[in-house]
Amino acid sequence: MSHNIFASMRARVVQALHGVVPDLPEEVVARVEVTPAREPEHGDMATNAALVVAKAARRKPQDIAAALVAVLQADPLVAEAAVAGPGFVNLRLHADAWRRLLPVILRTGEAYGDSTAGAGVRINVEYVSANPTGPMHIGHCRGAVVGDALANLLAKVGHEVTKEFYVNDAGNQVTALAWAAYFRYLQALEVSITEADFSEIVPGGLQYRGDYLIPVGQALAAQFGASLLSADSWIGEPETWLIDVRDFTIAMMLEQITDDLAALGVVHDVFVRERDLVEQGEVHEAIARLELDGLVYRGTLEPPKGKTIDDWEPREQMLFRATAFGDDVDRPLQKSDGSFTYFANDIAYHAHKIARGFDLMIDVWGADHGGYVKRMQAATRAFGGTLDVVLCQIVHVLKGGQPLRMSKRAGTFITLRDLLDEVGPDAVRFTMLTRKSDAQMEFDIDQAVAQTRENPVFYVQYAHARCRSVLRAAGELLGAAAVAPESLAQVPLDSLENEAELALLRRLGAWPRTVEAAAAAREPHRIAFFLYDLAGDFHMLWNRGRDDSALRFLQADRPAETLARVALVAATAVAIRSGLAVMGVTPVEEMR
RNA sequence: GGACCCGUAGCUCAGCUGGAUAGAGCGUCGCCCUCCGAAGGCGAAGGUCGCACGUUCGAAUCGUGUCGGGUCCGCCA
């Protein structure tokens, strides 16, 4: 059930258009838009209807616009219609058309803005998907927030959404992790060996030297005692301990990651483990199916030009014919040791998702995976699926006006947990959504906690707190029953006629179309900007009351007007909560 | 050499999928307030939308080229 006033006006415009210009092709009508007017003098809304059909109708846009105006002026919602510019039709609605949104909003509650635009389309949103080799850091954080908010947004427009985490627990990385954990295990048992000496033993050298594995080593010692050592209390043969240590460590890391995510408010519905896919033979199955379709062959790749690779030598390998689906080159499926590449596993994973019946997959990745998009989309198309990728660009963290250079070696490595401790989950989530995800962003820690307008989190929360404050005071003045949503939904609203009040009303009316547009564009940041603007409208109204006490919400001697204003305030709070819910941010009742 | 992302006000960024005179916050300048309807308010200045062609009624938005910044480029994930 949609309460989108722009959608209903569009329906009226299209109906009028059919009367004015018969036999219009569907695809032409589809381009008709009804959008909010940018300038208040232009009215409330504008439509491009006459402009987009002019060519098909073989008539001048202004003529069609004039004919539309004649029809639309008779519409009971329309106060004024006029031709403007090259053939726009500007519409000014009766104030009542806007006012009657309030009961709808109050009765709908936080579901205001929901729609059925996505009904029947199942979407899998995969995000975070970090290696379980260490704690979550800032780089993961943006993707986590964007993915989570996007999933909420898609659900709000009616999609059936699954939030999914792909655990990369099958590659060399987790073997390296096991070695690093084993070193900490030795330390926990006070086996005397230096990091340098141990690194000599590790195939490829010791990685993951961070302190975060110390508790893992202790836990291993507590769990296994000395049983992972050799008989002479020295380093055991890897085949005797590697798998146990690896699985134990992955489990602990994964638990820490999910704990950190939970602290951020991110909870996935489904975890898929790469190792399970490998062990259940799904990779072989997926590759076999590609072979059947003639999309796999043995060949030799050209070395990349302009980039010298020291030990490059031409090598024949198993390749996926990605170029058949728009990629630049065909992509390797097998390493020289015969095992599958990460890409091959990922193909199996996406085939797995397609087989589970999703109509659309959306992967949220870091910018460093940008070069991977085309091949993955090629692979999913080979399986008859559709993949959208949302790339999240790098986040630079600022503190005290200075960039924090993140370096594991220098110890200025910011974990998600550090950030949450310093800023709090709500501010982290909101701030991460104040930029388009494919643009780099600077995360200014000082700004995220600032109690001023320059901090959008504060500004929006403050607006909600003020709304709640008004509602509490109204309850004391008029009685709790009088300010219950259903009571307010029946209040006469004629007294809402101040320009600032109407501006706020119009903004509230734009919420459903904002949600739909943001979902269609996969751009959750638009929600943050809408809320910032909405908060601005509300604060402006509040400030008017500060200058002129007649404009304050609560007027002890004029209960009818007070109730109408309280209804507007209550609806504003509802819309803010509706938006914050998409972002996963908790609305506050008061500023403290 | 190639692929992908980004170039909009001094700074950080929006710009609703091609619409009308390109917006916000910060900063700057001016005025007001310092009242718990506290954690400021009002107003002003400030832009050849990196640049050049092209597409069309119309371009910050689409295409091509170019310059600048970023990410990445066979057996890492």
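A note on names: the letters A, B, ... follow the listed sequences, proteins ahead of strands, and every chain is numbered from 1.
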Check every strand shown and say whether [X] touches a base, only sugar-phosphate, or nothing at a heavy-atom separation below 4.0 Å.
X	answer
A:Phe343	nothing
A:Pro332	sugar-phosphate
A:Asn90	base
A:Ala84	base
A:Tyr372	base
A:Glu313	base
A:Leu554	base
A:Phe529	sugar-phosphate
A:Ala518	nothing
A:Met591	base
A:Ala54	nothing
A:Gln447	nothing
A:Thr452	sugar-phosphate
A:Glu33	sugar-phosphate

Could you give the [atom1]-to-[atom2] distance, from [X] to [N], as a whole number of Å?
X	N	atom1	atom2	answer
A:Arg31	B:rC16	CZ	C1'	17 Å
A:Tyr459	B:rU12	OH	P	23 Å
A:Asn455	B:rU12	CG	C1'	13 Å
A:Gln62	B:rG19	CD	C1'	14 Å
A:Asp327	B:rC4	CG	C1'	11 Å
A:Arg273	B:rA77	CZ	P	17 Å
A:Arg331	B:rG2	CZ	C1'	11 Å
A:Gln555	B:rG37	CD	P	14 Å

Taking donor-acceptor contacts at under 3.5 Å, does the side chain of [X] reach the base of [N]?
X	N	answer
A:His369	B:rA77	yes
A:Arg453	B:rC26	no
A:Arg546	B:rC33	no
A:Tyr532	B:rA14	no

Integer angstrom distance from the [atom1] of [N] to that of [M]:
N	M	atom1	answer
B:rG30	B:rG46	C1'	15 Å
B:rU21	B:rG63	P	24 Å
B:rA24	B:rG43	P	11 Å

Problem - More than 12 heavy atoms from other groups under 6.0 Å of CD on A:Glu41 - result: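 Enclosed.
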Practice task
Apply side chain to side chain donor-acceptor pair (under 3.5 Å) to A:Lys353 and A:Thr380, showing your working.
Solution key: CA-CA 10 Å; A:Lys353 282 196 268 196; A:Thr380 52; over 6 Å; no
Exercise for the section: Just say parallel, tilted or perpendicular for the rings of A:His369 and A:Tyr372, cut-offs at 30° and 60°. Expected result: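 The arrangement is perpendicular - the two ring planes meet at more than 60°.
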Can you tell if the side chain of [X] reaches within under 4.5 Å of the side chain of [Y], non-hydrogen atoms only?
X	Y	result
A:Lys374	A:Phe325	no
A:Ile287	A:Met318	yes
A:Val588	A:Asp426	no
A:Leu541	A:Glu501	yes

Exercise for the section: Report the residue (A:Ala517 or A:Pro314) whose heavy-atom-nearest nucleotide on RNA chain B is the more 5′ of the two. Expected result: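 Whichever sits nearer the 5' end wins; that is A:Ala517.
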Exercise for the section: Would you kindly compare A:Leu301 and A:Arg552 by the position of their nearest RNA chain B nucleotide and give the one closer to the 5′ end? Expected result: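 Comparing both residues, the 5'-ward one is A:Arg552.
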When you measure from the side-chain N and O atoms of [X] to the phosphate of [N], is any distance below 4.0 Å, counting only OP1 and OP2?
X	N	value
A:Lys436	B:rC13	no
A:Asn172	B:rC76	yes
A:Arg466	B:rA39	yes
A:Lys335	B:rA77	yes
A:His525	B:rG15	yes

Exercise for the section: Could you check A:His539, A:Arg453, A:Gln451 and say which one makes a side-chain hydrogen bond (donor to acceptor under 3.5 Å, both in side chains) with A:Tyr459? Expected result: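 Of A:His539, A:Arg453, A:Gln451, side-chain hydrogen bond (donor to acceptor under 3.5 Å, both in side chains) with A:Tyr459 is met by A:Arg453 alone.
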Measure from the side-chain heavy atoms of [X] and tell me the nearest of [options].
X	options	result
A:Gln440	B:rG70, B:rG41, B:rG15	B:rG70
A:Ala521	B:rU17, B:rC16, B:rA3	B:rU17
A:Gln173	B:rG74, B:rC16, B:rA77	B:rA77
A:Arg315	B:rC57, B:rC42, B:rG74	B:rG74
A:Glu454	B:rG25, B:rU71, B:rA77	B:rG25
A:Arg435	B:rU12, B:rG19, B:rC75	B:rU12
A:Lys374	B:rC4, B:rG1, B:rG19	B:rC4
A:Ala367	B:rU71, B:rA39, B:rC5	B:rU71

Exercise for the section: Please report the C-alpha distance between A:Tyr166 and A:Asp363 in whole Å, then the side-chain angles of each, then the deciding distance to 0.1 Å, and finally whether the side chain to side chain donor-acceptor pair (under 3.5 Å) criterion is met. Expected result: CA-CA 10 Å; A:Tyr166 181 48; A:Asp363 291 0; over 6 Å; no
Handout entry: Straight-line distance of A:Tyr342 OH to A:Asn345 CG, nearest 0.5 Å
Key =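 Here the rounded value is 8.5 Å.
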Exercise for the section: Could you run through RNA chain B and flag its stems, i.e. three or more consecutive Watson-Crick or G-U pairs with both distances under 3.5 Å? Expected result: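 When the pairs of RNA chain B are grouped into runs of at least three, the stems are B:1-7 with B:67-73, B:10-13 with B:23-26, B:28-32 with B:40-44, B:50-54 with B:62-66.
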Problem - Trace of the salt bridge (Lys or Arg N to Asp or Glu O under 4.0 Å) decision for A:Arg506 with A:Glu499 - result: CA-CA 10 Å; A:Arg506 285 191 292 265; A:Glu499 185 44 44; 2.7 Å; yes
Exercise for the section: List the atom of A:Ala81, the atom of A:Val69, and the distance in Å for their closest heavy-atom pair. Expected result: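 Residues A:Ala81 and A:Val69, closest heavy atoms: O-CG1, 3.4 Å.
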